[in-house]
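Notes for the one structure printed next.
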Amino acid sequence: KFTLDNAIQIYNELNESCFVSLYATVDYSEDFAESVTHYYFSKLEGREYQVQLVAKKASGREILATFKDSTWQNPKCQQRVQFLEDLLSE
């Protein structure tokens with residue numbers, strides 16, 4: 001179950017994988033769609049992707065953690081990077 005208590009651990013583990021989002025873990029077709037979209041916007045359009053975990057407090061909101069994307073720099077993901085570069089370069 002996804003709760004605020006374990007969200008930081010889940011996103012840390014996601015950052016170490018080749019999945020670009022939690023939704024990409026649903027199945028291979030979602031992984032492909034998320035990867036192509038994410039690669040296009042982050043690498044080709046130069047837009048930064050990040051996830052912030054925010055807690056509501058009586059005094060406002062508190063940012064608990066910020067996760068910046070590291071998928072395309074991850075050595076484990078270089079085969080995927082090459083595939084997407086080839087796919088989107090044509």
Side-chain angles (χ1 to χ4, degrees):
K1 184 175 179 182
F2 191 85
T3 66
L4 190 55
D5 293 335
N6 65 8
I8 292 174
Q9 178 184 351
I10 290 170
Y11 274 101
N12 277 327
E13 291 174 12
L14 185 69
N15 241 12
E16 296 297 317
S17 75
C18 291
F19 291 111
V20 297
S21 69
L22 282 177
Y23 193 67
T25 66
V26 170
D27 67 39
Y28 69 91
S29 62
E30 298 302 341
D31 182 29
F32 178 76
E34 289 281 294
S35 293
V36 170
T37 303
H38 186 276
Y39 186 86
Y40 177 82
F41 284 111
S42 66
K43 296 294 276 185
L44 302 180
E45 293 286 318
R47 298 181 188 186
E48 183 179 279
Y49 175 78
Q50 68 181 17
V51 172
Q52 288 186 330
L53 299 178
V54 179
K56 290 183 179 179
K57 303 283 185 176
S59 59
R61 299 171 5 153
E62 176 186 353
I63 297 173
L64 302 176
T66 300
F67 298 92
K68 295 188 178 196
D69 177 56
S70 62
T71 304
W72 310 124
Q73 292 77 37
N74 185 336
K76 295 186 291 187
C77 305
Q78 292 312 301
Q79 184 175 5
R80 181 176 294 207
V81 169
Q82 187 61 55
F83 172 80
L84 291 168
E85 285 176 354
D86 293 345
L87 178 70
L88 297 173
S89 67
E90 298 178 9

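Quick note: numbers below take in every heavy atom, side chains included, and nothing from hydrogens, waters or symmetry partners.
A donor-acceptor pair under 3.5 Å links the side-chain atoms of N74 to the main chain of E16, judged by distance alone. Side chain of N12 to backbone of I8: a donor-acceptor contact under 3.5 angstrom is found. In this structure, the side chain of D86 does not engage the main chain of F83 through any donor-acceptor pair within 3.5 Å.
In this structure, S42 and W72 approach most closely via the heavy-atom pair OG-NE1, 3.2 Å. Nearest heavy atom pair, residue A24 against residue D31, reads O-CB, 3.3 Å. In terms of heavy-atom proximity, N15 sits nearest to S70 at O-OG, 3.3 Å. When all heavy atoms are compared, the tightest approach of L14 to L22 is CD2-N, 3.7 Å. Minimum heavy-atom separation, S17 to C77: O-SG, 3.9 Å.
Within 6.0 Å of atom CD in E45, more than 12 heavy atoms from other residues, nucleotides or ligands are found, so the atom counts as buried in its surroundings. Annotation: K56, atom NZ; neighbour count of heavy atoms from other residues, nucleotides and ligands within 6.0 Å does not exceed 12.
The shortest distance between side-chain heavy atoms of Y40 and L84 does not fall below 4.5 Å. Side chains of V20 and T37 form no contact here, defined as non-hydrogen atoms less than 4.5 Å apart. No side-chain heavy atom of F19 sits under 4.5 Å from any side-chain heavy atom of T71.
Taken to the nearest 0.5 Å, the CD1 atom of I63 stands 4.0 Å off from the CD atom of Q52. With values rounded to the nearest 0.5 angstrom, Y11 atom OH is found 13.0 Å from L64 atom CG. Taking CZ from F41 and CZ from R47, the interatomic distance works out to 5.0 Å, rounded to the nearest 0.5 Å. Remark: C18 SG to R80 CZ distance equals 5.5 Å, nearest 0.5 Å.
Neither side chain, Q78 nor Q82, offers a donor N or O lying under 3.5 Å from an acceptor on the other.
The aromatic rings of Y49 and H38 lie perpendicular to each other, with more than 60° between the two planes, well past the 30° mark.
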